[in-house]
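Notes follow once the structure below has been shown.
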Amino acid sequence: MEISDELLCLFSADVRETDGSYVIEVPKREIDTGTIDPGETYRVALITRAIENESGGELEESGPETEEGPQPPVEPGEMRYVEIEDIGKQGDGIARVERGYVIIVPGGEIDERVKIEITEVKSNFAVGEIVDEDI
């Protein structure tokens with residue numbers, strides 16, 4: 001399945017009926033991380049029903065997997081064009097790519113579009129060094 005670069009977040013949720021409408025609740029963590037803002041309108045895509053594993057726990061389908069779980073969508077040495085969306089607690093720029101995966105960009109400024117080289121990759125974030133500014 002191809003996942004759009006415009007994906008802001010990915011989570012599992014139940015659909016329930018309330019007063020003739022259907023409701024999907026957005027987890028608080030998605031608001032807290034700044035991925036989405038309350039009161040704004042977003043496109044919603046329903047992908048597939050949750051699949052349960054043998055112990056009854058839920059499995060998410062979210063991209064290439066190995067025995068260790070989903071793999072990051074970037075690799076060390078990879079070049080990317082990203083837009084800095086936020087500033088982290090340490091003052092570094094924050095960019096998001098496929099599946100909402102975070103790339104920390106030291107020296108990045110909000111709304112700046114830069115070319116970066118991925119220098120470090122972890123399961124839940126990567127670090128990218130600015131190669132070219134103001135693209």
Side-chain angles (χ1 to χ4, degrees):
M1 170 186 350
E2 185 175 321
I3 297 178
S4 170
D5 289 339
E6 296 177 27
L7 181 68
L8 298 175
C9 60
L10 181 63
F11 58 89
S12 293
D14 294 326
V15 177
R16 56 186 169 78
E17 187 174 4
T18 305
D19 299 327
S21 293
Y22 293 93
V23 177
I24 299 173
E25 290 187 12
V26 176
K28 186 177 183 322
R29 71 177 179 273
E30 300 300 338
I31 304 295
D32 292 345
T33 61
T35 304
I36 59 176
D37 296 313
E40 296 293 323
T41 301
Y42 296 92
R43 295 184 325 178
V44 176
L46 302 176
I47 300 173
T48 185
R49 292 182 183 183
I51 300 170
E52 290 186 2
N53 62 22
E54 292 175 8
S55 62
E58 195 174 286
L59 297 176
E60 292 184 29
E61 296 185 26
S62 60
E65 293 191 20
T66 65
E67 292 177 11
E68 296 86 38
Q71 295 298 297
V74 296
E75 297 179 4
E78 183 177 340
M79 299 294 213
R80 284 278 185 132
Y81 292 94
V82 297
E83 184 171 337
I84 307 300
E85 301 174 8
D86 204 354
I87 299 294
K89 292 179 183 175
Q90 305 295 323
D92 296 323
I94 303 292
R96 289 182 179 83
V97 293
E98 298 92 316
R99 302 185 316 267
Y101 186 81
V102 171
I103 300 178
I104 299 170
V105 183
E109 300 292 329
I110 291 180
D111 295 329
E112 182 178 34
R113 185 158 170 77
V114 294
K115 181 178 181 181
I116 61 169
E117 179 178 357
I118 304 298
T119 58
E120 183 179 352
V121 177
K122 302 288 184 185
S123 63
N124 57 345
F125 74 94
V127 177
E129 191 174 296
I130 296 175
V131 176
D132 194 7
E133 296 186 43
D134 301 323
I135 296 176

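Hydrogens, waters and symmetry mates play no part in the numbers below; they use all other heavy atoms, side chains included. Residue numbers start at 1 and run along the sequence shown. What you see is a predicted model; the values in this text were computed from it and never measured.
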Which heavy atom of P73 sits nearest to which heavy atom of E78, and what is that distance? O-OE1, 4.2 Å

Closest approach of I130 and P106, non-hydrogen atoms and distance? CD1-O, 3.9 Å

Under the side chain to side chain donor-acceptor pair (under 3.5 Å) test, which residues partner E83, sequence neighbours left out? none

Please round to the nearest 0.5 Å and tell me the distance separating atom CD1 of I116 and atom OH of Y81. 11.5 Å

Report the hydrophobic cluster partners of I94, with the cluster defined as I, L, V, M, F, W, Y residues connected by side-chain heavy atoms closer than 4.5 angstrom, directly or transitively. V102, I104, F125, V127

Please write out which residues are connected to M79 in a hydrophobic cluster, directly or through intermediates, given that two of Ile, Leu, Val, Met, Phe, Trp, Tyr count as joined at side-chain heavy-atom separations below 4.5 angstrom. V131

For atom CD of E120, is the number of surrounding heavy atoms from other residues, nucleotides or ligands below 6.0 Å larger than 12? yes

Considering residues at least two apart in sequence or located in another chain, which fulfil the salt bridge (Lys or Arg N to Asp or Glu O under 4.0 Å) criterion with K89? none

Residues two or more places apart in sequence or in another chain: which of them pass salt bridge (Lys or Arg N to Asp or Glu O under 4.0 Å) with E109? none

If I compare all heavy atoms of I118 with all of A126, which pair ends up nearest, and what's the gap? CG2-CB, 4.3 Å

Take a 6.0 Å sphere around CD of E17 and say whether it holds more than 12 heavy atoms from other residues, nucleotides or ligands. yes

Would I24 end up clustered with Y22 when hydrophobic side chains under 4.5 Å apart are linked, directly or stepwise? yes

Over all atoms of both residues, closest heavy-atom pair of Y101 and S123: CE1-O, 3.5 Å

Which residues share a salt bridge (Lys or Arg N to Asp or Glu O under 4.0 Å) with E117, sequence neighbours left out: none

Check E129 against T119 and note the closest heavy-atom contact, atom names and distance. CB-CG2, 3.9 Å

Over all atoms of both residues, closest heavy-atom pair of I87 and G108: CD1-O, 3.4 Å

So how far is it from D92 CG to I103 CD1, rounded to the nearest 0.5 Å? 13.0 Å

